[in-house]
There are 2 protein chains.
Amino acid sequence: MTEDSAQTDQAERFNQARTAQSMALLEDYTEMIDDLISEHGEARVTDIARQMGVTHPTAAKAVARLKREGLAVSRPYRGVFLTDEGAAMAERVRVRHRIVVDVLLALGVPADAAELDAEGLEHHVSETTLAAFEDFLRRQG
Amino acid sequence: MTEDSAQTDQAERFNQARTAQSMALLEDYTEMIDDLISEHGEARVTDIARQMGVTHPTAAKAVARLKREGLAVSRPYRGVFLTDEGAAMAERVRVRHRIVVDVLLALGVPADAAELDAEGLEHHVSETTLAAFEDFLRRQG
DNA sequence: TGCAAAGTGAAGCCATGGCTATATGGTTTC
DNA sequence: GAAACCATATAGCCATGGCTTCACTTTGCA
Ligand SMILES: [Mn+2]
Ligand SMILES: [Mn+2]
Ligand SMILES: [Mn+2]
Ligand SMILES: [Mn+2]
């Protein structure tokens, strides 16, 4: 590999990490909304905000972005609901989160650290890596 | 655990992930500058920019932040240098990056995916998790 | 030595994701 | 039904991290 293509590759890695990061907020919110609806029958902005550890205007802005990206719907003073696409994302994210935690635990990471780190790590686990994680967990069984 | 403290814990996880993310840029740039100095004897803003996959004003702004945080020094139209603190960060980051890649490889992740994902994952690996990773690699060894 | 190219800096734009403060719509309770 | 309380919306602030454009040094080469 030439020095030039090495530079290109490195830049691509940083770009991929930036892209993954820009999806992180959408992923966490869709999962959170789905959780709230499952547990309480509805997802109110105030509950979303408390759960995410942000103020309610911040949560409202995030919901606006979810709607703009076709992941959620809501009407003024009513709860937030996920579109099919949003629900699909929530499901994917939930599964991936669990797999990441399970892999960390299998590697001997303490449970509390595993949960803490997984919340950030999950967004940078590609499909390829996720598949490898699943294989690993099956072998470990 | 009460429902209330579960909410608090969850919010803390998101906060930790946000904090980790805010360190990511500093970590990647210090490592990059250290690399460039090792390989070419100096770290110029243009080279940093190309390597990071951003425009030069973006890299210059990042360098300004590094200086503000005491990690780097530079004078107008001269290269960028790391402080002792910056160099220490670069070294930590480099070691951690390699460990993350090694763990992924040991789990059966293809090499290219391992390198791609590691660039984002590394910033969310806590000291505790890193220690567990090192133990795992030693056992695997 | 001088000029062109390359590198650097400065200004100003945008989107994102935090925040506070304030206004307004809904709900509950008396 | 009105008051009080709660939830939601809106406006506006800040920092970050992208970008383009333009101006100014520095450097290298004819
Ligand atoms: Mn997360
Ligand atoms: Mn998660
Ligand atoms: Mn990185
Ligand atoms: Mn790295």
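Every chain is numbered from 1, with letters handed out A, B, ... down the list of sequences. Below, all heavy atoms of this structure are taken into account, side chains as well, without hydrogens, waters or symmetry copies.
Residue B:Ile48 contributes atom CD1, which lies 13 Å from atom P of C:dG7 at whole-angstrom precision.
The side-chain heavy atoms of A:Glu31 and A:Met89, taken from C-beta on, include no pair separated by under 4.5 Å. With contacts defined as side-chain heavy-atom distances shorter than 4.5 Å, the pair B:His124/B:Thr129 does not qualify. Between B:Gln51 and B:Ile48, every side-chain heavy-atom pair lies at or beyond the 4.5 Å cut-off.
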Handout entry: B/S/- contact track for nucleotides 15-25 of chain C, protein heavy atom under 4.0 Å
Key = -SBBBBB--BS
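With hydrogens and angles disregarded, a donor-acceptor distance shorter than 3.5 Å links the side chain of B:Asn15 to the backbone of B:Ala11.
For A:Thr46, no side-chain nitrogen or oxygen approaches OP1 or OP2 of D:dC6 to under 4.0 Å.
No more than 12 heavy atoms of other residues, nucleotides or ligands shown are found within 6.0 angstrom of CZ on B:Arg75.
For B:Arg44, the side-chain atoms get nearest to C:dG7 when compared with the rest of C:dT27, C:dG7, D:dA9.
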